[in-house]
There are 2 protein chains.
Amino acid sequence: MIEQVKKTSIKDIARESGVAISTVSHVINNTKFVADGTREKVMKAINELHYRPNLIARGLRTKSTRTIGLLLPDISQPFFAQVVKGIEAVARLRNYTLIMGCAFYDIEEEKRQLNSMLDQNTDGIIFFCGYDSYDHIKRVHDSNIPVLVLDREIDNKDIPSVLVDNFAAMEKAVQYLYDLGHRKIGYITFPFENQTTIRRRYEGYCSALKKNGLKYNPDFVIIDDQMRLQELKGTYAVIKQKVEEKKIPTAIITLADFLAIGAMKAVKEFGLAVPDDISIMGFNDEMICAFSDPPLTTVKQPKKLMGETAANLLIDIIERKKIENKNIILDTEIVKRETTAPPPIAKK
Amino acid sequence: MIEQVKKTSIKDIARESGVAISTVSHVINNTKFVADGTREKVMKAINELHYRPNLIARGLRTKSTRTIGLLLPDISQPFFAQVVKGIEAVARLRNYTLIMGCAFYDIEEEKRQLNSMLDQNTDGIIFFCGYDSYDHIKRVHDSNIPVLVLDREIDNKDIPSVLVDNFAAMEKAVQYLYDLGHRKIGYITFPFENQTTIRRRYEGYCSALKKNGLKYNPDFVIIDDQMRLQELKGTYAVIKQKVEEKKIPTAIITLADFLAIGAMKAVKEFGLAVPDDISIMGFNDEMICAFSDPPLTTVKQPKKLMGETAANLLIDIIERKKIENKNIILDTEIVKRETTAPPPIAKK
DNA sequence: ATGAAAGCGCTAACAC
DNA sequence: GTGTTAGCGCTTTCAT
């Protein structure tokens with residue numbers, strides 16, 4: 001049978017160095033002055049016995065675990081993974097441990113995991129994306145556990161947040177296509193009843209049309225749920241059908257790059273050239289965008305920065321640093337590549 | 001100043017329901033028979049006060065935290081993220097919490113994070129990929145903390161592992177190209193001094209050449225480090241140069257899909273058609289493979305399954321279940337798409 | 001400058 | 001069937 005080797009504890013160090021437990025604690029934590037000689041004896045014992053404080057015991061005592069919880073929809077999606085990279089980097093740098101859970105847009109699952117993180121006494125929690133849902137977040141916030149919402153809009157400005165201005169980003173993108181000469185601009189999105197970030201992009205699209213005197217044409221707008229879990233395949237299938245119905249705008253902008261890449265494949269199979277016959281634009285600036293054929297014009301979200309900003313803000317709050325602004329909005333930028341060009345008519 | 005609301009503890013439940021603390025503990029954990037009436041009273045109090053056991057306190061007492069640590073190179077790389085998805089799913093299902101750290105192939109960083117996980121008393125640790133390095137893993141294993149290596153070969157069969165047979169996989173892939181008629185088969189890889197998984201693929205490549213009486217031609221083999229951190233861009237740059245030197249095989253196989261996609265772009269820019277002039281083959285079967293232009297032939301690693309298998313095996317070990325085989329090898333399979341075809345000469 | 005001891009919330013051995 | 005209590009490893013108050 002496996003037998004756990006007993007780890008050395010603060011007691012062992014105290015005995016070994018001939019001082020009291022509390023003294024050892026004070027040299028470890030620098031929490032009181034300890035005479036040089038004593039300190040050295042203690043350090044010697046610590047090194048010799050390879051002592052490392054038990055964080056669980058410390059956590060029980062201090063109520064601080066130096067742990068942050070991260071709730072997100074799905075780590076396997078590149079956008080999420082890249083943001084998480086930023087969070088992880090800062091957590092590590094600032095000496096926090098990251099606990100991660102994926103909820104796959106299931107709000108009950110999210111709550112379940114939230115509870116299990118709370119049970120672990122995480123020092124703070126990041127709600128990264130996921131469906132809109134307010135109550136459970138507010139409840140945690142109200143019980144004075146630091147929380148932060150990342151890429152997930154909620155009205156309550158009391159709750160710290162890190163967001164991108166999705167509305168402005170999409171408005172800018174559509175404006176870019178308009179300025180290129182496009183007047184039939186299509187939009188592809190998931191349904192967005194429960195996801196404000198996605199709805200904001202849609203509203204940005206609508207707003208840009210309006211600003212430029214363009215009429216909203218439902219034939220050019222695809223709102224479909226089958227794309228959500230299968231961004232590439234789903235979009236491909238949906239576009240295939242749309243193209244057959246001959247309802248084709250001169251430019252399509254999508255909610256996310258993978259939708260754009262799926263769309264591009266479908267469109268090309270119908271003999272349409274990108275961007276000569278139709279312009280296509282994505283959103284996110286995934287790594288792959290530079291290597292699609294042709295390389296995809298897109299809107300860049302500062303993924304790593306989003307993660308870093310969120311982690312830093314949350315940890316600042318946990319550590320009760322002074323916060324100037326707890327609702328941070330990050331900028332996006334259009335990355336022009338080769339899938340966008342003036343429409344065919346304009347060129348003639 | 002923020003004031004933590006005191007959480008309700010087992011004591012509160014005992015008082016509220018008029019029983020002893022230990023009784024409450026027993027109803028929570030089903031660890032002794034408790035009379036129905038008493039149990040009900042306790043449950044009532046638990047529900048009314050929304051009591052949830054403090055896992056930190058329990059962990060201190062029981063030495064079990066229901067937590068598993070995961071050390072990996074970089075969560076932002078799709079391959080890793082997809083495997084992690086499998087790990088996370090199983091951990092969640094079996095009621096374990098996942099602690100994650102990225103070490104970016106820095107062995108010192110890996111050790112640092114390992115230590116911090118150990119400090120947190122994780123019940124087990126998964127070493128997922130990363131550079132070869134044995135000692136720190138062995139040390140943990142020897143101190144009877146469950147560990148598992150995933151996609152990271154080490155000789156010691158005492159240490160549980162989940163691997164893919166990289167040697168056989170690459171051999172099969174090269175054989176596939178050979179059978180298509182190719183006799184000049186190139187290979188693109190990172191250097192592999194410290195990474196057995198990557199070296200195995202290379203050895204599989206060499207072995208397949210040999211088996212078929214082909215001579216190893218250094219002109220067709222690219223081993224370059226700049227591709228590691230910038231798989232797409234790096235490969236693109238490297239290939240660009242190679243093609244200029246006119247050292248072009250009729251088929252190229254790569255260590256990873258992104259290398260293949262970078263290579264494809266470079267090759268196409270030189271006016272070479274894929275697969276008519278040159279066949280290209282990747283490794284991993286990333287989601288994007290089906291949507292590159294043309295869709296990429298590749299070797300599929302069972303990413304999610306790797307994660308699930310690893311998590312299940314580790315947890316089985318943690319829970320001291322009976323293990324039949326603690327060194328699991330998973331199969332790969334060739335996914336034929338449209339970047340491979342007989343070589344131009346063979347077609348004439 | 002150092003030590004003794006209480007107590008964080010829980011489990012489990014033991015007593016009744 | 002239920003209660004009492006020691007103790008997990010640590011921090012922190014209070015004495016000395």
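Sequence lines set the chain letters: A, B, ... in the order given, protein chains first and strands last, and positions in each chain run from 1.
Rounded to whole angstrom, the span from the CG atom of L49(B) across to the C1' atom of dG9(C) amounts to 16 Å. For the pair N121(A) CG and dC10(D) C1', the interatomic distance rounds to 15 Å; values are reported in whole Å. As rounded to whole Å, 8 Å separates atom C1' of dC10(C) from atom CG of L60(A). Rounding to whole angstrom units, CD1 of residue I10(A) and P of dC8(C) are separated by 18 Å. The nearest whole Å value for the distance from the CG atom in D36(A) to the P atom in dA1(C) is 10 Å. In this entry the distance linking CG of N30(B) with P of dT2(D) reads 14 Å, nearest Å. Taking atom NE2 on H26(B) and atom P on dC10(C), their separation rounds to 14 Å, with Å as the unit. The distance between atom CG of N54(A) and atom P of dT11(D), rounded to the nearest whole Å, is 10 Å.
For S25(A), a side-chain nitrogen or oxygen approaches OP1 or OP2 of dT11(D) to under 4.0 Å. At least one side-chain nitrogen or oxygen of N29(A) sits closer than 4.0 Å to the OP1 or OP2 atom of dT11(D). Put simply, R58(B) has a side-chain N or O that comes within less than 4.0 Å of OP1 or OP2 on dT11(C). A close approach under 4.0 Å does occur between a side-chain nitrogen or oxygen of K11(A) and OP1 or OP2 of dC8(D). Phosphate contact (OP1/OP2 of dG3(D), side-chain N/O of T23(B), threshold under 4.0 Å): present.
Residues R15(A) and D12(A) are paired through a salt bridge, judged by an N-O separation under 4.0 Å between the basic side chain and the carboxylate. Between E88(A) and K85(A), none of the side-chain N atoms (NZ, or NE/NH1/NH2) sits under 4.0 Å from a carboxylate O, so this pair counts as no salt bridge. Using a 4.0 Å cut-off between a side-chain N of Lys or Arg and a carboxylate O of Asp or Glu, E308(B) and K304(B) qualify as a salt bridge. Comment: R94(B) engages D316(B) in a salt bridge, judged by a side-chain N to carboxylate O separation of less than 4.0 angstrom.
The shortest non-hydrogen separation linking M117(B) to I125(B) is CB-CD1, 4.0 Å. The two residues N95(B) and R66(B) make their nearest non-hydrogen contact at O-NE, 3.0 Å.
From one end of the helix from dA1(C)-dT16(D) to dC16(C)-dG1(D) to the other, with five pairs defining each end axis, the axis direction shifts by 40° (rounded to 10°).
Base engagement by K32(B) is indicated by at least one non-hydrogen atom pair under 4.0 Å involving a base atom. The residue I21(B) sits close to a base: some heavy atom pair falls under 4.0 Å.
In this model, a side-chain donor or acceptor of S22(A) finds a partner on the base of dA4(C) within 3.5 Å.
Crowding of D155(A) atom CG: a count of heavy atoms from other residues, nucleotides or ligands under 6.0 Å not exceeding 12.
Closest to the side chain of A35(B), from the set dT2(D), dA1(C), dC10(D), is dT2(D). In the set dC8(C), dT12(D), dT2(C), the nucleotide with an atom closest to the side chain of K63(A) is dC8(C). The side chain of V19(B) lies closest to dG3(D), out of dG9(C), dT13(D), dG3(D).
For S25(A) (side chain) and I21(A) (main-chain N/O), no donor-acceptor pair under 3.5 Å exists by modelled atom type.
Each of V34(B) and R61(B) was matched to the nucleotide of DNA chain D holding its nearest heavy atom; the match closer to the 5' end belongs to V34(B). Comparing G37(B) and S9(A) against DNA chain D, the residue whose closest nucleotide sits nearer the 5' end is G37(B).
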